[in-house]
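This report concerns only the one structure given below.
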Amino acid sequence: MSEASYLDAVRESYDTVADAYAEQVPRPADLDPLARALLGAFAETVRQAGHGPVADLGCGPGFVTAHLAGLGVPVLGVDLSPRMVELARRAHPHLAFTVGSMTALGIGDRTLGGILAHYSTHHTPPDELPLVYAEFHRTLAPGGLLMLAGHAGPGERTRPTRAYGGRPVSYESHLLPLERLVELLERAGLTVTARVVQERPDAGARSFVTVFARKGGRTG
C-alpha cells in the first residue's frame, strides 16, 4: 500500500469499528499487572522529568490518555480516526484530543516530554516506519521519552476483512521482529534504554513488547 492508501484504510476502518472498539477493548484498569506497571513507570518518568506534555498517538477512544492524566501527566490524544476522536472527546471532555497522523504530526519541534504509542503502529507498513519514528524524534524535546508498546513477530503481514464484532475493515497489520523495531528507532536518532517482552501461550508467534527510547541532547 502507498502512504495515502494505507492511511485511508486505517482511517476508514477505525471510523467503522470505533463504537464496537470502545465497548470491547479493555480499560487500563483491566490490563495485566505488568502492562499497568509499565504505563505507571512511563508516567512517573515523564512527569518527574518535566520536559513537556505527552502525546498519546493512536489514542482511540481515549482510555489510556485519561489514565495518564489521572497519573498527573499533562497529555493530549491524537488519532487518525475522526470517529475515535469524537468518542474520546465525549467521554473525556476535560482532555484535549485531535485528529492527526503519526506521519505528519501538527506538533512543533522539540515540544513533547513524552510520546506514547500504545498498540498503535502495527498498521504502518515497515517501509513507512522510518517516517513515523522521525516524527517521534522531531517532536520530542531533548531528554524526552518514547514508550512504544505492541506486538512483535517474524515479519508477518495480515489483512483481515472483519474485526470487532464482524465489522468490515481494510487495514493491514505488520509483525516485525523486536530487533528490527529497535534498529529503526535507533536509526531515527533515539536511544533505546529498555525493552520488555511478554510471551503468552495463546499468542502463537506473537510477542507483546514494550520499548522505551529517549531523545538525547541538551535539556537546558
Side-chain angles (χ1 to χ4, degrees), residues 1-26 31-32 35 55-64 77-88 97-105 115-136 146-185 187-188 195 197-211:
M1 284 190 179
S2 68
E3 178 184 339
S5 63
Y6 97 79
L7 291 174
D8 287 343
V10 172
R11 181 186 300 108
E12 292 167 5
S13 296
Y14 278 100
D15 277 348
T16 299
V17 304
D19 293 82
Y21 180 101
E23 293 176 0
Q24 296 176 29
V25 169
L31 297 175
D32 66 85
D56 179 11
L57 302 182
C59 66
F63 300 147
V64 178
V78 180
D79 202 277
L80 190 61
S81 161
R83 179 58 180 165
M84 285 289 195
V85 169
E86 181 183 351
L87 293 176
F97 295 94
T98 188
V99 177
S101 169
M102 294 184 208
T103 63
L105 294 167
I115 289 174
L116 176 65
H118 195 258
Y119 292 85
S120 58
T121 61
H122 56 283
H123 297 307
T124 305
D127 289 347
E128 299 293 335
L129 280 176
L131 175 61
V132 170
Y133 292 169
E135 275 294 273
F136 292 176
L146 165 69
M147 177 177 167
L148 174 69
H151 301 296
E156 295 178 357
R157 181 182 69 174
T158 59
R159 189 171 187 179
T161 58
R162 301 277 173 178
Y164 301 103
R167 290 159 178 81
V169 295
S170 58
Y171 53 61
E172 295 179 347
S173 294
H174 304 269
L175 292 179
L176 294 185
L178 174 58
E179 293 77 12
R180 179 61 173 158
L181 296 174
V182 168
E183 177 188 3
L184 292 173
L185 288 169
R187 284 187 181 181
R195 60 189 87 176
V197 179
Q198 295 174 267
E199 308 286 358
R200 299 181 186 175
D202 60 345
R206 292 181 303 163
S207 299
F208 296 78
V209 302
T210 303
V211 179

Stepwise side chain to side chain contact (heavy atoms under 4.5 Å, CB included) test for Leu181 and Tyr133: CA-CA 10 Å; Leu181 296 174; Tyr133 292 169; 3.6 Å; yes
At their closest point, which heavy atom of Leu129 faces which heavy atom of Thr121, and how far apart are they? CD2-O, 4.3 Å
His174/Tyr6 aromatic ring centres below 6.0 Å: no
For the atom pair CD (Glu179) and CG (Leu184), what is the distance rounded to the nearest 0.5 Å? 12.0 Å
Atom of Leu80, atom of Val99 and distance for their closest heavy-atom approach: O-CG1, 3.8 Å
Search all heavy atoms of Pro177 against all heavy atoms of Gly155 and return the closest pair with its distance. CD-N, 4.1 Å
Taking all non-hydrogen atoms of both residues into account, name the closest pair between Thr16 and Glu12 and its distance. OG1-O, 2.9 Å
Which heavy atom of Phe136 sits nearest to which heavy atom of Ala117, and what is that distance? CZ-CB, 4.3 Å
Are the side chain of Ser13 and the backbone N or O of Ser170 linked by a donor-acceptor pair below 3.5 Å? yes
If I take atom OG from residue Ser173 and atom NE2 from residue His123, how far apart are they, to the nearest 0.5 angstrom? 4.5 Å
With side chains defined as the heavy atoms from C-beta onward, is the minimum distance between Arg83 and Asp19 less than 4.5 Å? yes
Looking at Ser120 and Leu57, would you say the former's side chain and the latter's main chain have a donor-acceptor pair under 3.5 Å? yes
Does the side chain of Arg157 reach to within under 4.5 Å of the side chain of Pro125, using non-hydrogen atoms? no
Ignoring hydrogens and geometry, is there a side-chain-to-backbone donor-acceptor pair from Glu135 to Leu105 under 3.5 Å? yes
Distance, nearest 0.5 Å, that separates CD of Glu128 from OG1 of Thr103: 8.0 Å
Counting distance only, does the side-chain N/O of Asp79 pair as donor-acceptor with the main-chain N or O of Cys59 below 3.5 Å? yes
Report yes if some heavy atom in the side chain of Tyr164 is under 4.5 Å from a heavy atom in the side chain of Val25; otherwise report no. yes
Closest non-hydrogen atom pair, Ala152 against Leu178: CB-N, 3.9 Å
Between CG on residue Asp15 and CD on residue Glu86, distance to nearest 0.5 Å: 9.5 Å
Just verifying a value: how many Å separate Leu7 CG and Met102 CE, rounded to the nearest 0.5 Å? 10.0 Å
Tell me, do Thr161 and Val169 make a side-chain contact under 4.5 Å, heavy atoms counted? no
With rounding to the nearest 0.5 Å, note down the distance linking CD in Gln198 to OG in Ser207. 9.5 Å
Can you list the steps and then say if Thr210 with Met147 is a side chain to side chain contact (heavy atoms under 4.5 Å, CB included)? CA-CA 7 Å; Thr210 303; Met147 177 177 167; 3.8 Å; yes
Parallel, tilted or perpendicular: which describes the rings of Phe208 and His151, with under 30° parallel and over 60° perpendicular? perpendicular
